[in-house]
Amino acid sequence: MRIANWFLGLGLACGLGLSPAQAVVGGREGGPAEAATLMVLNARGGVCTGIVLSPRAILTAAHCAAGGTELRIHWRAGGEPVLIAPASVSLHPAFDAQAVSNRRRSIDLALIRMAEPLPARFAAATLDDGAQPRAGAPVTLAGYGVSQEGEARTTGTYRSAALAAVEPYGPGRVLLWAADPAGAGKRPGAGACQGDSGGPIFSGSGVVAVSSWSTGPARRRCGLLSQGILVGPQRGWIDATLAQWRENARWTSMR
């Protein structure tokens, strides 16, 4: 597929909301660990964010890479678009593509292996395997999604937003929920939106979760609660998969 076609798909995905997860609305340009992130595009027009774990390994949301669709890893070099096909993709064995509609548990994570190392401009993110942030704890969500819901032209810029952890269903070991502190998930505010799936949610200096979904007021999909998959409880799968690829992730604590 030609580059022009991939970018046409990128615009359509944001405009139609094809990506199940949600871009940072109400945030600001820039944010922590920007050099550890890039974009993940698929041939169906899906747009997601990816987190660099090593020169050849990227962490993202599983729904971004599921279904056997063709993927491209995207960044810009000297103002020109770069699109690289990955060598392989590993979905978490507990990922369930129908989890949201059927209200089932799912571990929405995927690892992408590159055939060649990423450019030196990229740096590996640090994953946080410490305690889950409890209600009220500050977290930062970041990604390349839209800054205005449904507006495709606002995608492709790394943005971040300062949120607070919330516990709508109590503490868990799979999901992290976050919301704009002012709205507490009950009034619209900053949060994830289309294109942020697979992006980092930071607690302190480490990535504590990977963005997977969001909710919005009325018929909208963004602006209330942002949801992510906690990475600490999935360290065994992440490390084992990377070991098969002869890669390693950086964690806040050694084992």
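Computation of the quantities below employed the complete heavy-atom set of this structure, encompassing side-chain atoms and omitting hydrogens, waters and symmetry-equivalent molecules.
Residue Arg56 holds its CZ atom at 13.0 Å from CG of Leu242, rounded to the nearest 0.5 Å. Note that OG of Ser212 is 6.5 Å distant from CG of Leu175, once rounded to the nearest 0.5 Å. Separating the CD1 atom in Ile201 from the OG1 atom in Thr140 is a distance of 10.0 Å, to the nearest 0.5 Å. Considering CG of Asp108 and CD of Gln234, their distance stands at 11.0 Å, rounded to 0.5 Å. Annotation: the span from Thr154 atom OG1 to Tyr144 atom OH amounts to 15.0 Å, rounded to 0.5 Å. Taking CD of Glu247 as the reference point, atom CE of Met114 lies at 11.0 Å (rounded to 0.5 Å).
Under the 3.5 Å distance criterion, the side-chain polar atoms of Asp129 are left unmatched by any main-chain donor or acceptor of Gly232. Counting only distance, with no hydrogens or angles, the side chain of Ser226 and the backbone of Ala192 share a donor-acceptor pair below 3.5 Å. Under the 3.5 Å distance criterion, the side-chain polar atoms of Ser160 are left unmatched by any main-chain donor or acceptor of Ala142. Judged purely by atom type and a 3.5 angstrom limit, Arg187 uses its side chain to pair as donor or acceptor with the backbone of Ala182. Side-chain atoms of Thr37 come within 3.5 Å of backbone atoms of Glu34 as a donor-acceptor pair (strictly under, hydrogens ignored). Side chain of Asp196 to backbone of Gly145: a donor-acceptor contact under 3.5 angstrom is found. Formation of a donor-acceptor pair under 3.5 Å by the Tyr158 side chain with backbone atoms of Leu38 is not found in this model.
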Under the side-chain contact (heavy atoms from CB on, under 4.5 Å) rule, what do Ile51 and Ile58 come out as? Steps first, then yes or no, please. CA-CA 5 Å; Ile51 304 165; Ile58 297 163; 5.7 Å; no
side-chain contact (heavy atoms from CB on, under 4.5 Å) for Trp213 and His63? Distances and angles first, verdict last. CA-CA 10 Å; Trp213 194 66; His63 73 254; over 6 Å; no
Any chance you could lay out the side-chain contact (heavy atoms from CB on, under 4.5 Å) test for Gln194 and Cys222, step after step, and finish with the verdict? CA-CA 8 Å; Gln194 291 94 350; Cys222 313; 3.7 Å; yes
Walk me through it: do Val231 and Trp251 pass the test side-chain contact (heavy atoms from CB on, under 4.5 Å)? CA-CA 10 Å; Val231 295; Trp251 293 89; 4.2 Å; yes
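Considering only heavy atoms from C-beta on, Val174 stays 4.5 Å or farther from Leu230 through its side chain. For the pair Arg220/Ser214, no side-chain contact is recorded, criterion being any heavy-atom separation below 4.5 Å from C-beta on. Side-chain contact between Pro217 and Leu224 is present, with heavy atoms from C-beta onward closer than 4.5 Å. In this structure, the side chains of Cys48 and Met39 stay at 4.5 Å or more apart for every pair of heavy atoms. Annotation: side chain of Leu118 is not in contact with side chain of Pro55 (no heavy-atom distance under 4.5 Å). You'll find the side chain of Glu167 reaches within 4.5 Å of the side chain of Arg134, heavy atoms only. With contacts defined as side-chain heavy-atom distances shorter than 4.5 Å, the pair Ile73/Leu83 does not qualify. With a 4.5 Å cut-off on side-chain heavy atoms, Ser211 and Gln227 do not count as touching.
The two atoms that bring Trp245 and Ser90 nearest to each other are CZ2-CB, 4.0 Å, heavy atoms only. Here the closest heavy-atom approach between residue Ala249 and residue Leu127 is recorded as CB-CD1, 4.2 Å. Between Ile107 and Ile229, the shortest heavy-atom distance links the atoms CG2-CG2, 4.0 Å. Nearest heavy-atom pair, Thr60 versus Thr49, reported as atom, atom and distance to 0.1 Å: OG1-O, 2.8 Å. Leu71 and Ala65 get closest at one heavy-atom pair: CD1-CB, 3.6 Å. Summarising the geometry of Ser203 relative to Val139, their closest heavy-atom pair is CB-CG1, 4.5 Å, with the distance given to 0.1 Å.
Taking the six-membered ring for Trp and thresholds of 30 and 60 degrees, Trp75 and Phe122 have ring planes more than 60 degrees apart, a perpendicular arrangement.
A side-chain contact (heavy atoms from CB on, under 4.5 Å) with Leu53 is found for one member of Val207, Leu111, Asn248 and no other, namely Leu111.
Counting non-hydrogen atoms of neighbouring residues, nucleotides and ligands closer than 6.0 angstrom, the CZ atom of Arg246 reaches no more than 12 such neighbours.
Residues satisfying the side chain to side chain donor-acceptor pair (under 3.5 Å) criterion with Gln132, sequence neighbours excluded, are absent altogether.
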